[in-house]
There are 2 protein chains.
Amino acid sequence: MTMRKHSAEPRNASLKILEAARAIAAREGAGKITIEAVAKEAGLSKGGVLYNFPTKKALLSGLLDQMLAAHRESLAKVPERQPARTLRGHLETVLQSQDLDDDLSMAILAAAASDPRLLDPLRTELTCDLERILSDAKGSPDAMIAVLAIQGLRFQMLLNLPDGGADIREGVIERLRTIIDELE
Amino acid sequence: MTMRKHSAEPRNASLKILEAARAIAAREGAGKITIEAVAKEAGLSKGGVLYNFPTKKALLSGLLDQMLAAHRESLAKVPERQPARTLRGHLETVLQSQDLDDDLSMAILAAAASDPRLLDPLRTELTCDLERILSDAKGSPDAMIAVLAIQGLRFQMLLNLPDGGADIREGVIERLRTIIDELE
DNA sequence: GGAACTTAACCGACCGGACGGTACAGAGAT
DNA sequence: ATCTCTGTACCGTCCGGTCGGTTAAGTTCC
């Protein structure tokens, strides 16, 4: 029998832990992610966290994996036939994380601060995406401008940098969409 | 006489300390900025560092101040009569930091990780800049796109994210310049 | 069925090291 | 002598990681 073990919650503990880590990062900053804090937030003990993630690096790496998975999923949602498909997906991913209060992007900061090499999987993923985007756009610099603007948007939200107000932001998003539309 | 005390180097020790902090951040990541490490890198002892910066917060804050000062200086270099002057300055600041191996931007990460509130001065500065940029551009969304792209560029370099190669980057820079030129 | 054992999941005390900060003594210059 | 700066020893705390339990569920054998 593959019964769900004896856990009160059927949900995997690892997910709860990652969620807790994101919540802490969003609430108190990436630097406040400690194993004890995560344990408390997730409602179990330090030992429990370390049972699921043998090291803190593994935890942060798990956060990043989760982020990449969400990103990929978001990419997959873009209709097949769209031109500049990957680029559209990038934009949607960022817009989607806009109103998420447990922002996944915070994992980037946490990882970068503790060990920059944790970003390697992110880098390879982005390299792959970028290649596709650039080949889709046939070398138009506007594609790269769009990529950069989207990245800028992400960090702006992440660090609470000024965004010029809601109307400006909407104007930017609209403009980005037309840039992407005109790429083909 | 404002002789520089008895130090072997006439340069202010604070500068050396900040430089050391930047070097460490660039080499090993923002999280590795510790007082001892900075002291060793700067060639003095922990006490020496703490004499110049009474707390670590003060050190990080100093890093950020230095970054903002450099940014302001870079802005001031843009000829008075240029349209979209502030925006041009932003671009130049980023391009300038491109080949600096002790990247100032790393301070942003260090600060954000340890205490997000350290970014407040940066936020107010950017808010001010952004206001000027947007009023210069008279509401054109392209101005904000450019701002975001520049920000994206900064973080791309900071985190060693893929950039599509040198020619792409140059194409982007050129494109950014024409976007800015067309703003007026 | 039930005793004996294994395994999964988790707890929490503890350790060692790192790190921020303090105290204080001493060295130079004036 | 005094003021300014620097070195060093030290303290308390925090944090990552280890480890020996403990509990409950599953498995095996009779």
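As a basis for the values below, the full set of heavy atoms in this structure was taken, side chains included, without hydrogen atoms, waters or symmetry mates. Just so we're on the same page: letters track the sequence lines, and every chain starts at 1. Predicted model, so just to flag it, every value in this text is computed and none were measured.
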Side chain to side chain, [X] and [Y], heavy atoms closer than 4.5 Å:
| X | Y | result |
| --- | --- | --- |
| B:Arg132 | B:Asp129 | yes |
| A:Leu18 | A:Leu59 | yes |
| B:Asp136 | B:Leu183 | no |

D:dC5 phosphate, OP1 or OP2: any side-chain N/O from B:Asn52 under 4.0 angstrom?
no
When you measure from the side-chain N and O atoms of B:Tyr51 to the phosphate of D:dC5, is any distance below 4.0 Å, counting only OP1 and OP2?
yes
Would you find a donor on one side and an acceptor on the other, under 3.5 Å apart, between the side chain of A:Arg85 and the backbone of A:Val78?
yes
Assign each of B:Lys32 and A:Leu44 to its nearest nucleotide of DNA chain C by heavy atoms, then name whichever residue's nucleotide is nearer the 5' end.
A:Leu44
If the threshold is 4.0 Å, N to carboxylate O, is there a salt bridge linking B:Glu41 and B:Arg22?
no
Looking at A:Asp181 and A:Arg88, is any side-chain nitrogen of the basic one under 4.0 Å from a carboxylate oxygen of the acidic one?
yes
Whole Å only: how far is the NZ atom of B:Lys40 from the C1' atom of D:dG7?
16 Å
If you group Ile, Leu, Val, Met, Phe, Trp and Tyr by side-chain heavy-atom gaps below 4.5 Å, do A:Ile133 and A:Leu75 land in one group?
no
Which protein N or O atoms sit under 3.5 Å from an N or O of nucleotides 12-16 of chain D?
| residue | atom | partner | partner atom | Å |
| --- | --- | --- | --- | --- |
| D:dG16 | OP1 | A:Lys56 | NZ | 2.8 |
| D:dG16 | OP2 | A:Ile35 | N | 3.0 |
| D:dG16 | N7 | A:Lys46 | NZ | 2.7 |
| D:dG16 | O6 | A:Lys46 | NZ | 3.2 |

Numerically ordered, the residues 111-119 of chain B set in heavy-atom contact under 4.0 Å with DNA chain D is none
Pairs meeting criterion ring pair (Phe, Tyr, Trp, His ring centres under 6.0 Å) with involvement of residues 42-67 of chain B, two or more places apart
none
